[in-house]
Protein chains: 2
Amino acid sequence: MLKEERQQTILNEVELHNRILLTDIAETLDVSIDTVRRDVKELDADKKLKKVHGGAISLGFTTNNIRNAHIYALEEKTAIAKKAIGMLRNGSVVFIDGGTTCLELARLIPEHLQLTCFTISLQVAMELSNKPNVTTIIIGGQITKESQIAIGANAIHALSEIKVDYSFIGTGYVDAVYGLTEFDWDIVQMKKAVIKASKKTVLLSISEKLNSQHRYKTCDINTINTMITELDPENVLLRPFKNLDIKIV
Amino acid sequence: MLKEERQQTILNEVELHNRILLTDIAETLDVSIDTVRRDVKELDADKKLKKVHGGAISLGFTTNNIRNAHIYALEEKTAIAKKAIGMLRNGSVVFIDGGTTCLELARLIPEHLQLTCFTISLQVAMELSNKPNVTTIIIGGQITKESQIAIGANAIHALSEIKVDYSFIGTGYVDAVYGLTEFDWDIVQMKKAVIKASKKTVLLSISEKLNSQHRYKTCDINTINTMITELDPENVLLRPFKNLDIKIV
DNA sequence: TATTAAACCGCATAAAACTGCAATTAATGT
DNA sequence: ACATTAATTGCAGTTTTATGCGGTTTAATA
């Protein structure tokens, strides 16, 4: 691997995660820690990032909100969120799922857009409540400790009484054959209820999750009406999904 | 975790709460108190915050006038919250209202305490979900933009189906004669529903709110079972409440 | 004034950064 | 194609930094 490629990779990682550890980078790039150190030193001299003890942080780190700092693959998720926002119209009634991609979607909703948003995520609800023209409704239920979303029979019942134009959902794993799958049984039940409660379902997924599966199944892939990734629709990774009845953005 | 991340987290906490305790930060960040002290010292040297005995305060907090400082009245609210926590037992099922005093209560719940907590506040729910032994349930409903709590017919209906041991509620205004009053009609409806849903109602109120009233009435003063203020029970301000059937802490 | 909690100080330890050097690889000239 | 030179990389040893801990001093509080 060329030095320049390596440095570019380091830069990308920093931009993506807002921070990196030298030890992590050395491992993923399979070079010695000293090499990474020298690379980071150069990049720091070129004002491309800020070198700190033990790692490096992006230049905008201190000005950015910390909440952005720990989102993995922020760039990709922002790209996805922007595409999703293009689907929204004044007066739309939508559901927004939990997860960082959907959180990013909530954040990027423009001020002028008039929406009614349902959600099960505390964080998404908080973001939405800052938007002057968005009516936010949270679905009640027991809050999970990991992802801070409402789950349980009560939440599912509440969802059974609504019908939104679009639901924007994330998933743990997605595969053209196995469909949408999750690690967690409760989450699957919630997502099923969400899909039932929506006229059209939009899946937001970074390419990393494509062609992977896990234990519990949410739905078949053709239950999804639109799939949004950060990739170009012609990308080879999306080929397995091409001949299905899904719009790929 | 990188030092810079840690310091950024500290800064965010300070901005959020206006004031932090070094012990709290040390615990949440899982580092020694000395490390936090050194971090805060550096941040103070960089004029990012002001270091005080036992913690740090945001720069804006000191430059703001007394009125602003008083709005938060963190000292008082912390004192109230601590008294309220004394009422909690393992296995208690409680409701926690919105507002800064109740938020403080949620924050100060000790790690070991096993509770089931209902709330209508996004912020309270978020705090609670960080507690390992607390089961958090959020009541669904439309989120208000100012206080980020769930309101509406749906929320009221959800409350009508539960009965908690204690509800800890705040109020806009409280008076021995006029009872609990609010500026906002919707809030009154919510509080009424909360009181109905609880075996015992505990009012948390800083002394500033004593002997004041407003347009809409939540309930009579003797509907409240316990009133907690930061004052000593013998304080002259509490005299009007003395001969009523209320426990004053 | 006594008591408690926080701040401070110095030290020990572990991790990271630096240094010089040898080995390897890439680039260049003949 | 081959030799020479320059650049890059990894390694061992050293220096620096970050962090936690015990003991002491100082500040807050009752």
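In what follows, every chain begins at residue 1, and chains take the letters A, B, ... in the order their sequences are listed.
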| field | Gap between atom CD1 of B/I85 and atom CG of B/L113 - 0.5 Å precision | value | 8.0 Å
| task | Using whole Å, report how far CD of B/E5 lies from C1' of D/dT19. | result | 16 Å
| request: Could you state the atom-to-atom distance from CD of B/Q7 to P of D/dT17 in whole Å? | output: 15 Å
| A/D39 with A/R6: basic N within carboxylate O range, under 4.0 Å | yes
List every contact pair, protein side and nucleotides 6-8 of chain C side both N or O, where the distance is under 3.5 Å.
{"from": "C/dA6", "atom 1": "O3'", "to": "B/G54", "atom 2": "N", "distance (Å)": "3.2"}
{"from": "C/dA7", "atom 1": "OP1", "to": "B/V52", "atom 2": "O", "distance (Å)": "3.3"}
{"from": "C/dA7", "atom 1": "OP1", "to": "B/G54", "atom 2": "N", "distance (Å)": "2.5"}
{"from": "C/dA7", "atom 1": "OP2", "to": "B/R37", "atom 2": "NE", "distance (Å)": "3.1"}
{"from": "C/dA7", "atom 1": "OP2", "to": "B/R37", "atom 2": "NH2", "distance (Å)": "2.9"}

| How long is the line joining CE of B/M1 and P of D/dT19, in whole Å? | 11 Å
| task | Please report, rounded to the nearest Å, how far the C1' atom of C/dA16 is from the CG atom of B/L2. | result | 12 Å
| remark: Whole-Å distance, B/K3 NZ to C/dA15 P, equals 18 Å
| task | Could you check how far CD of B/E42 sits from P of D/dT17, rounded to whole Å? | result | 12 Å
| task | Identify the two heavy atoms, one from A/I138 and one from B/A150, that lie closest to each other, and give their separation to 0.1 Å. | result | CG2-CB, 4.4 Å
| query | Taking only N and O in the side chain of B/R6, is any of them less than 4.0 Å away from OP1 or OP2 of D/dT19? | reply | yes
| said: Could you check whether B/E42 pairs with B/R37 (Lys NZ or Arg NE/NH1/NH2 to Asp/Glu carboxylate O, under 4.0 Å)? | reply: no
| said: Under a plain distance cut-off of 3.5 Å, with no hydrogens placed, do A/S207 and A/E76 share a side-chain donor-acceptor pair? | reply: no
| query | A/E4 has an atom CD; how far is it from atom P of C/dA26, in whole Å? | reply | 14 Å
| task | Compute the bend angle of the helix from C/dT1-D/dA30 to C/dT30-D/dA1 from the end axes (five pairs per end), rounded to 10°. | result | 40°
| query | B/K217 and B/T181: which non-hydrogen atoms are nearest, and at how many Å? | reply | CA-CG2, 3.9 Å
| Would you call B/K191 and B/D97 a salt bridge, using N to O less than 4.0 angstrom? | yes
| said: What I want to find out is whether A/E127 reaches A/R107 closely enough, with some N-O distance under 4.0 Å, to be called a salt bridge. | reply: yes
| query | Within the side chain of A/S205, is there an N or O that forms a donor-acceptor pair under 3.5 Å with the backbone of A/K209? | reply | no
